[in-house]
Amino acid sequence: MTFSAGSATSPHPARPGPASASTGDALLRAATRHSGVRCVALALMALAATAANLLLPAALGRALDVLLTDPSRATRWVLYCTALVLVLAVLDACETVLGGTTTARATAWLRARLTGHVLDAGPRAGRRFGSGELVARLVGNAGQAGAAPATLAGVLAALAAPLGAVVALWLIDLRLALVFVCGAPVVVAVLRGFTRNSSQCVARYQEAQGRIAGGLTEAIDGARTVAAAGTADKEVARILRPLPELSREGHQMWRVQGRAAAQAVAVAPLLQIAVLATAGLLLTQQTLSVGELLAASRYAVLASGVGVLVGRLGALIEARASARRLGEVLDVPATRHGTRHLPPGRGHLELRDVTVRRGGRTVLDGVDLVVPAGGTLAVVGRSGAGKSLLAALAGRLADPDGGDVLLDGVPLRALDRRELRREIGYAFERPALLGDSVEATIGFGDPAPPPHRVRAAARTARADDFVRRLPRGYATPCAEAPLSGGEVQRLGLARAFARGGRLLILDDALSSLDTVTEHHVTEALFRNTPGCSRLIVAHRASTAERADTVAWLDGGRVRAVGRHGELWTMAEYRRVFGGGPAPDEPGSEGEAGGPPSRERPGGIR
């Protein structure tokens with residue numbers, strides 16, 4: 001659906017603020033809890049692998065000492081070392097499999113959570129971010145954020161390795177641990193600088209990615225317009241306009257990570273040399289054995305292994321930045337429903353002092369309208385008058401900023417969600433064909449109508465004939481059905497008719513029909529739905545003529561309400577349909593012309 005007035009899409013969403021950052025962090029915690037058992041198992045495996053890595057140097061050192069002193073006893077220590085290597089291989093394989101499944105599980109949960117929220121939020125999310133940006137976040141950013149639980153387990157293991165290595169050095173000789181600890185503040189400073197600088201780069205990089213995705217989606221949606229205008233090169237340039245920024249931020253990310261790695265490479269060998277020099281001195285003093293020297297050298301490498309930690313922290317920073325972008329989506333408020341049910345009635349719809357603002361502009365201003373039970377109200381007006389927005393309010397696809405919308409005396413905000421959707425049918429100008437087949441498309445909804453009702457609705461919408469001519473009839477997948485714009489619109493009408501209920505809203509849903517088909521559909525609509533009310537956004541005079549009452553919107557206000565024939569006496573009303581002379585032409589004021597006949601629609605879009 002397109003909101004003809006006041007719909008504003010933000011092509012450049014604001015950077016995450018404190019609220020979205022908090023929401024993103026909470027989302028990561030929830031994703032971690034969702035895979036809590038797997039995360040604990042993964043952390044235990046990672047810690048077990050770290051423990052094996054810490055035991056291996058001691059075992060190797062002991063084996064070397066035994067080989068030098070008593071070779072006959074060395075076999076047992078060699079077997080210990082072999083067993084530790086095998087354990088490490090098994091743990092690494094299990095960690096890889098479990099890490100992959102944990103990431104997939106967390107990603108699936110995040111996508112389901114975000115998709116459900118986007119659908120609950122309705123058009124608000126699309127106006128806030130745009131469809132391309134939303135897809136980029138739900139696909140790309142959710143995948144990056146989904147890696148957080150497994151990455152967090154890896155960070156714990158990466159932290160445990162140097163800490164365990166320092167403890168092992170202390171167990172070998174306190175002086176070795178003290179030598180290493182003296183250089184530890186430099187390592188901590190490197191990690192802190194990397195974390196701070198990398199977070200900013202990752203956030204800007206992901207923003208540029210989202211803008212490119214948004215531009216690409218817009219271009220794909222408008223591919224025919226682009227081809228007809230011959231502006232493909234300009235569109236490519238527009239889509240790729242954020243590419244220099246993306247490249248700049250990407251290079252900056254690599255520079256930050258490379259600088260941290262270079263600093264780590266510069267610091268780590270110095271620490272290792274210092275530990276080895278101290279160990280060598282202790283060996284000459286016969287305080288250490290050769291095997292302990294070997295073990296100390298290995299522990300020095302493990303203790304100064306900042307590179308692994310930098311990689312893990314980088315992945316965690318990227319996951320957190322992605323989660324904050326998802327948090328922005330969750331901060332878009334979802335539609336809240338009540339618990340009330342409708343009393344017996346036939347769809348008396350009332351709009352009381354309804355006001356809607358979009359982008360700081362008042363789009364609908366104090367609208368008061370009534371659709372009597374069982375009656376038909378046509379809403380007409382020039383483009384931008386607020387017709388589609390009014391239709392969205394009537395079916396609660398949007399909420400007013402002020403005033404109330406009531407159905408049979410119950411505010412739509414207070415209605416139970418299932419009852420709201422069961423009692424209000426909707427047909428759009430460009431319906432989305434959702435479902436595995438034509439029958440499923442017409443019956444799309446919860447609960448789905450029975451097959452006989454689907455076919456009856458198709459007949460009412462004048463769709464049954466062309467559906468039966470499809471290769472597999474009602475079982476034909478919509479993607480394989482060669483449908484014209486009018487045929488697609490008739491399927492959308494059939495879906496609305498199949499829902500039944502007490503209120504039917506047609507948001508310009510007859511615009512693609514030819515005059516004869518529109519006449520038949522309208523007659524069938526009034527004849528076959530006697531128990532419900534109808535609100536029709538109309539662009540043709542012939543449609544307005546058949547309605548019981550016409551509401552003329554002008555500039556977001558109700559300018560007049562009455563029968564079409566009565567309003568047709570006003571020249572400005574006729575100009576809504578492209579009829580009548582211009583205001584400054586002779587005879588325009590007070591000209592009395594009759595409404596167009598049923599055979600002559602007299603209206604243009």
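Note that this is a predicted model, so its numbers are computed, not measured.
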### Message
Quick check against the 3.5 Å criterion: does Thr50 have a side-chain atom that pairs as donor or acceptor with the backbone of Ala161?
### Response
no
### Task
Could you check Thr441 against Leu434 for side-chain contact (heavy atoms from CB on, under 4.5 Å), going step by step and ending with a plain yes or no?
CA-CA 5 Å; Thr441 294; Leu434 304 174; 5.8 Å; no
### Message
Would Thr101 and Arg38 count as a side chain to side chain donor-acceptor pair (under 3.5 Å) here? Give the steps.
### Response
CA-CA 9 Å; Thr101 56; Arg38 290 172 177 266; 3.1 Å; yes
### Message
Are the side chains of Leu159 and Val155 in contact, using a 4.5 Å heavy-atom criterion?
### Response
yes
#### Entry: Ser289 side chain reached by Glu292 side chain, heavy atoms, under 4.5 Å
yes
### Query
Looking at side-chain heavy atoms only, is the closest gap between Arg325 and Glu133 below 4.5 Å?
yes
### Query
Of all heavy-atom pairs between Ala160 and Leu47, which one has the smallest distance, and what is that distance?
CB-CD2, 3.8 Å
### Task
Look at the side chain of His337 and the backbone N and O of Asp416, then say whether any donor-acceptor pair between them is shorter than 3.5 Å.
no
### Query
Which heavy atom in Leu176 sits nearest to a heavy atom in Ala296, and how many Å separate them?
CD1-CB, 4.0 Å
### Trace of the side-chain contact (heavy atoms from CB on, under 4.5 Å) decision for Arg396 with Arg413
CA-CA 8 Å; Arg396 215 197 163 195; Arg413 296 177 192 264; 4.1 Å; yes
#### Entry: pair Arg29-Asp25: side-chain heavy atoms closer than 4.5 Å
yes
## Note on the structure
Between Leu294 and Ser297 the two heavy atoms that sit nearest each other are O-OG, 2.5 Å
### Message
I'd like to know whether Val139 forms a side-chain contact (heavy atoms from CB on, under 4.5 Å) with Arg111, so could you lay out the CA-CA distance, the side-chain angles of the two residues, the decisive distance to 0.1 Å, and finally the verdict.
### Response
CA-CA 7 Å; Val139 176; Arg111 285 175 179 159; 4.1 Å; yes
## Note on the structure
Closest non-hydrogen atoms of Leu393 and Ala398, given as atom of the first, atom of the second and distance, are CD2-O, 3.5 Å
### Message
Quick one about Asp120 and Thr335 (side-chain donor to acceptor, distance below 3.5 Å, no hydrogens or angles considered), yes or no?
### Response
no
### Query
Stepwise, does the salt bridge (charged side-chain N to carboxylate O under 4.0 Å, His left out) test hold for Arg472 with Glu439?
CA-CA 11 Å; Arg472 295 164 58 187; Glu439 182 172 354; over 6 Å; no
### Task
Output yes when a side-chain donor or acceptor of Tyr426 lies under 3.5 Å from a complementary backbone atom of Ala392, and no otherwise.
yes
### Message
Quick check against the 3.5 Å criterion: does Ser35 have a side-chain atom that pairs as donor or acceptor with the backbone of Thr32?
### Response
no
### Aromatic plane relationship, Trp77 with Tyr80 - under 30° parallel, 30 to 60° tilted, over 60° perpendicular
perpendicular
#### Entry: Criterion salt bridge (charged side-chain N to carboxylate O under 4.0 Å, His left out) on Arg137 and Glu328, from CA distance to verdict
CA-CA 10 Å; Arg137 295 188 186 218; Glu328 283 187 294; 2.7 Å; yes
### Donor-acceptor contact below 3.5 Å, side chain His117 vs main chain Val332
yes
### Test log, rule side-chain contact (heavy atoms from CB on, under 4.5 Å), inputs Val78 and Cys81
CA-CA 5 Å; Val78 171; Cys81 294; 5.7 Å; no
### Message
If you apply the rule salt bridge (charged side-chain N to carboxylate O under 4.0 Å, His left out), what do you find for Arg430 with Asp507, and how did you get there?
### Response
CA-CA 9 Å; Arg430 292 184 294 275; Asp507 182 6; over 6 Å; no
### Task
Just do the salt bridge (charged side-chain N to carboxylate O under 4.0 Å, His left out) check on Asp173 and Arg175 with the steps written out, would you?
CA-CA 5 Å; Asp173 192 289; Arg175 287 165 287 188; 3.0 Å; yes
### Message
Do Met45 and Leu98 have side chains that approach each other closer than 4.5 Å (heavy atoms only, starting at C-beta)?
### Response
yes
## Note on the structure
Closest non-hydrogen contact found for Gly146 with Leu110 is N-CD1, 3.6 Å
### Message
Using side-chain heavy atoms (C-beta onward) and a distance below 4.5 Å, is Pro149 in contact with Cys39?
### Response
yes
### Message
Do Val356 and Leu389 have side chains that approach each other closer than 4.5 Å (heavy atoms only, starting at C-beta)?
### Response
yes
### Query
Considering only heavy atoms from C-beta outward, does the side chain of Val179 approach that of Thr278 to under 4.5 Å?
yes
